[in-house]
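Side chains are part of it too, since the values below use all heavy atoms of this structure and drop only hydrogens, waters and symmetry mates. A quick note: this is a predicted structure, and the numbers were derived from the prediction, not measured.
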Amino acid sequence: MTETQAKAETSVTFSDPVVVEIPSNNAVPNKSSEKAKAVEEPEKTAETPAPANKLSSKGGSLDRDIALAELSKGKKLSYVKAWEDSEKTKADNKAEKHISSIASWEDSKKAALEAELKKIEEKLEKKKAHYGEMMKNKIAAIHKEAEEKRAVIEAKRGEEILKAEEMAAKYRATGTTPKKTIGCF
């Protein structure tokens, strides 16, 4: 073998296969579906030795592999960013839904309590009216009883005055004096 062929055989090494992701139709990958992957294997140059001028192009292939790896990494990062945004949006929507349901629950409970308060107020108004009516009736009964007592006293007074006038007329007619006299005379 010649020296250039020995260099070619010793400089050719096999690298690990490069994994390239093929994006699906969805912008955000699902957890349930596996990502499609295609495996590219580098060309095996061991079977056919490369000419001396092709060895310098190895650096270009390496640059291309690095660029592809960076591109692949960029794709992965963009998928991760899209997934993160999607998950954040889901979390926000879920939180908003829960907040909305809590607000509607609060409103319904407030409305129920306000209705109960109105019922209690109406009940109290009815009781107040009932007790007010009872108090007015009691006041009227007391007033009626006081009028009756006044009427009885006026009647007794009138009877006593009539009795005193009759006795005075009898004493005048008979010319006698009453047995009971006023103590100061």
Side-chain angles (χ1 to χ4, degrees), residues 1-140:
M1 277 210 287
T2 66
E3 186 176 319
T4 57
Q5 285 179 344
K7 282 185 183 177
E9 285 182 6
T10 58
S11 66
V12 174
T13 59
F14 295 172
S15 62
D16 292 333
V18 177
V19 177
V20 178
E21 293 181 19
I22 299 174
S24 62
N25 290 341
N26 298 339
V28 179
N30 280 335
K31 291 180 183 178
S32 62
S33 66
E34 293 291 324
K35 293 181 182 178
K37 294 182 180 179
V39 178
E40 290 182 9
E41 297 202 18
E43 295 179 15
K44 296 182 183 179
T45 57
E47 295 173 3
T48 58
N53 60 357
K54 289 286 186 174
L55 289 178
S56 63
S57 68
K58 187 70 174 172
S61 175
L62 185 62
D63 289 341
R64 186 178 73 93
D65 289 345
I66 292 172
L68 285 174
E70 287 177 3
L71 183 65
S72 176
K73 185 177 179 181
K75 278 185 178 181
K76 285 180 186 178
L77 291 177
S78 67
Y79 283 135
V80 169
K81 177 71 173 156
W83 176 84
E84 180 184 17
D85 291 343
S86 173
E87 290 298 314
K88 285 180 180 179
T89 304
K90 283 180 191 176
D92 288 342
N93 290 342
K94 189 175 182 180
E96 283 297 321
K97 183 179 177 182
H98 286 302
I99 288 171
S100 175
S101 67
I102 289 170
S104 65
W105 173 81
E106 180 185 19
D107 291 341
S108 68
K109 292 295 182 180
K110 280 182 181 179
L113 287 177
E114 287 174 0
E116 188 177 341
L117 179 64
K118 283 184 181 182
K119 280 184 181 179
I120 291 171
E121 286 176 349
E122 289 175 5
K123 224 181 210 182
L124 289 175
E125 286 295 322
K126 285 181 182 179
K127 278 187 177 182
K128 182 180 176 182
H130 176 71
Y131 284 122
E133 189 72 26
M134 284 176 51
M135 293 300 128
K136 286 180 184 178
N137 289 344
K138 284 183 179 180
I139 290 171

Exercise. Does Lys76 reach the side chain of Tyr79, with side-chain heavy atoms less than 4.5 Å apart?
Worked result: no
Problem set entry | Main-chain N/O of Asp85 paired with Thr89 side-chain donor or acceptor, under 3.5 Å | yes
Problem set entry | Audit row: Glu114, Lys118, salt bridge (charged side-chain N to carboxylate O under 4.0 Å, His left out) steps and yes/no | CA-CA 6 Å; Glu114 287 174 0; Lys118 283 184 181 182; over 6 Å; no
Working to the nearest 0.5 Å, report the span between [atom1] of [X] and [atom2] of [Y].
X: Ile99; Y: Glu106; atom1: CD1; atom2: CD; answer: 12.0 Å
X: Lys94; Y: Glu87; atom1: NZ; atom2: CD; answer: 10.0 Å
X: Arg64; Y: Ser61; atom1: CZ; atom2: OG; answer: 5.5 Å
X: Leu117; Y: Glu121; atom1: CG; atom2: CD; answer: 4.0 Å
X: Leu71; Y: Ile66; atom1: CG; atom2: CD1; answer: 13.5 Å
X: Lys123; Y: Lys127; atom1: NZ; atom2: NZ; answer: 7.0 Å

Seminar exercise, completed: Between His130 and the options Glu133, Lys126, Met134, the side-chain contact (heavy atoms from CB on, under 4.5 Å) test singles out Met134
